[in-house]
Amino acid sequence: MNVQIGLLGCGTVGSGVVQLLQRRVDKIQAMTGMRPVLKHILVRDPAKPRGVNLDGIHITTCPEDILSDPDVRIVVETIGGIDDAKRMLLAAIAAGKHVVTANKDLIASHGPEIWEAATKAGVDVYYEAAVGGAIPLIRPLKESLSANDITDLKGILNGTTNYILTRMTETRADYADALREAQELGYAEADPSSDVDGFDAARKLAILASIAFHARVRLEDVEVEGIRSVSARDVQYAEELGAVIKLLATGTDRGGHLALRVRPTLVPKEHPLASVSDSYNALFVRGDASGDLMFFGRGAGSLPTASAVVGDLIDVLRNLRLGVVQSAPQYCLPNKRIDANSLEPQRHYLRLLVEDQPGVFARIASVFGDVGVSMESVLQKRVEKRSAEIVIVTHRTMPQRLRKVLDALGTEVSVREVCSVMPVEPSDDEARAEDKVGLAGDAEVLSAAEA
């Protein structure tokens, strides 16, 4: 049986979907008993070369050709953006069409509205390609790991920033040069803000956390810091400390208290995420029954993302064959407390520019001691013009105490600048030791967080 499909967009991802469908159509029919047929493709410029065979497919600039066609059973959206995509998908759902989308921005921002509309219309909405490209992330969290209480998500969710930080590590390039190289190679857009400022990773974390933690998570619940402030000096000092810098997306659920952050982080070289380089992505998941898992692969690109889109399409075709709707909404979930401050103590890296004169370090050490923050390691380097750099890695401390240290350093006349502050991820051995010891009891941690 033929099933007619309308494709919204035929750019990088859309053209990959066309190519993969044409390559796999016989296999898909054998797997599902349904033969996918691309009937319409919506584009902005019909004359633009697409690099794929579009013979026999109706190319249109009018969304209504797809949305109002009663023969189109499935709408695949790859145009990106929010407003136009939302309008078209809601119209498709209202018309009783099933939807497959690769649009992380839309899902992160308007997921609840889309799920509610799909529930009322009795149609499927699949979105595996919205996070991680070809890496299977959403389906394992929704299905394979659904019997777990998932407590931790840690991931490298943006290939552009990972490529930039990898080049800074390998070549000692500064941020601007590494960004320029990424743009020349097509890894970064002309305006890289969404990537380098951390918002792309934050959208992906919001989607994953909503599923993993069974909670309503909004984009604004994620604390975001990008990589623009990471310097070649930070990369060098991380190397001396046995670590690499990654833009790490982290989510934790501690007894219904969620903490969600995207931040540049020092990751020890022995940690599995430290070896995730170039444009690759990875997600570390901890479940109470499954233990520790890590998913790894290409997080973007034409065919990797198309792989996830077509995988979702195959599920919809199976559902049509069986006469069922299976993509249950993920946003009809309880609210959990989103804590602005992590409930857990953590080590931190600080790089200070100070006056190069006797007694300075003693005064800085006194600031840390007065607040009750101890130092684990210290690097001191001569810079120039009677200035020195001091790099300090703290022992685990609550974020409130760290803020008190930073406030006090801001008034210390010998400190010219606090140049950089980043968390330090524990190594595997340290994490296991912390698990055995615990966090000194939930009551103590909560008490410290509120102090």
If you measure from [atom1] on [X] to [atom2] on [Y], what distance do you get to the nearest 0.5 Å?
X	Y	atom1	atom2	answer
H110	L89	NE2	CG	11.5 Å
N148	S290	CG	OG	4.0 Å
S279	I156	OG	CD1	11.5 Å
Y237	S377	OH	OG	13.0 Å
T169	K246	OG1	NZ	6.5 Å
R347	T397	CZ	OG1	13.0 Å

Please check this pair: side chain of [X] against backbone of [Y], looking for a donor-acceptor N/O pair closer than 3.5 Å.
X	Y	answer
K97	V72	yes
R50	K48	yes
Q326	N319	no
S275	P272	yes
T166	D278	yes
E77	I79	yes
D69	I66	no
T78	G9	yes
H98	I74	no
D197	G226	no

Closest approach of [X] to [Y] (non-hydrogen atoms, all atoms of both residues):
X	Y	answer
A215	L258	CB-CD1, 3.8 Å
P268	A274	O-CB, 3.3 Å
G133	A308	O-CB, 3.2 Å
A173	A232	O-CB, 4.0 Å
A282	L273	CB-CD2, 3.8 Å
Q4	K39	OE1-CD, 2.8 Å

Does the pair [X]/[Y] count as a salt bridge with the N-to-O cut at 4.0 Å?
X	Y	value
R396	E344	no
R139	D312	yes
K204	D200	yes
E184	R180	no
K154	E425	yes

**Request:** Tell me, with the steps shown, if V37 and I5 meet side-chain contact (heavy atoms from CB on, under 4.5 Å).
**Result:** CA-CA 6 Å; V37 178; I5 298 167; over 6 Å; no

**Request:** Show your working on salt bridge (charged side-chain N to carboxylate O under 4.0 Å, His left out) between R318 and D315 and close with a plain yes or no.
**Result:** CA-CA 5 Å; R318 285 198 182 105; D315 274 352; 3.3 Å; yes

Under a 4.5 Å cut-off applied to non-hydrogen side-chain atoms, are [X] and [Y] in contact?
X	Y	result
L208	L141	yes
L247	N162	no
L137	N281	no
T265	V424	no
V230	V235	yes
V391	L350	no
M34	V3	yes
V310	I28	yes

[X] atom [atom1]: more than 12 heavy-atom contacts under 6.0 Å:
X	atom1	answer
R23	CZ	yes
R35	CZ	yes
E189	CD	no
D288	CG	yes

**Prompt:** When you look at R254 and D152, which way does the salt bridge (charged side-chain N to carboxylate O under 4.0 Å, His left out) test go after all the steps?
**Reply:** CA-CA 9 Å; R254 300 292 183 258; D152 293 82; 2.9 Å; yes

**Prompt:** Hey, mind stepping through I227 and D195 against side-chain contact (heavy atoms from CB on, under 4.5 Å) and telling me if it holds?
**Reply:** CA-CA 9 Å; I227 66 167; D195 294 319; over 6 Å; no

Side chains of [X] and [Y]: is there a donor and an acceptor less than 3.5 Å apart?
X	Y	value
R203	S194	yes
R351	S231	yes
Y163	E181	yes
D234	Y349	yes

**Request:** Starting from the C-alpha separation in whole Å, work towards a yes-or-no answer on side chain to side chain donor-acceptor pair (under 3.5 Å) for S193 and D191.
**Result:** CA-CA 6 Å; S193 300; D191 179 3; 2.6 Å; yes

**Request:** Tell me, with the steps shown, if I150 and R286 meet side-chain contact (heavy atoms from CB on, under 4.5 Å).
**Result:** CA-CA 6 Å; I150 295 176; R286 175 168 292 172; 5.9 Å; no

**Message:** Apply side-chain contact (heavy atoms from CB on, under 4.5 Å) to residues Y127 and I114 and explain how you reach the verdict.
**Reply:** CA-CA 11 Å; Y127 56 102; I114 292 171; over 6 Å; no

**Aromatic Y280 / basic R298 pairing, under 6.0 angstrom, 45° off normal** =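 Positive - R298 is close enough to the ring of Y280 and near enough to its axis.
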
**Message:** For a salt bridge (charged side-chain N to carboxylate O under 4.0 Å, His left out) check, start with the C-alpha distance between R263 and E225, then their side-chain angles and the critical distance, and finish with the verdict.
**Reply:** CA-CA 5 Å; R263 301 175 294 180; E225 180 184 345; over 6 Å; no

**Request:** For the pair D221 and R216, evaluate salt bridge (charged side-chain N to carboxylate O under 4.0 Å, His left out) and give the outcome as yes or no after the intermediate values.
**Result:** CA-CA 10 Å; D221 293 328; R216 297 175 183 268; over 6 Å; no

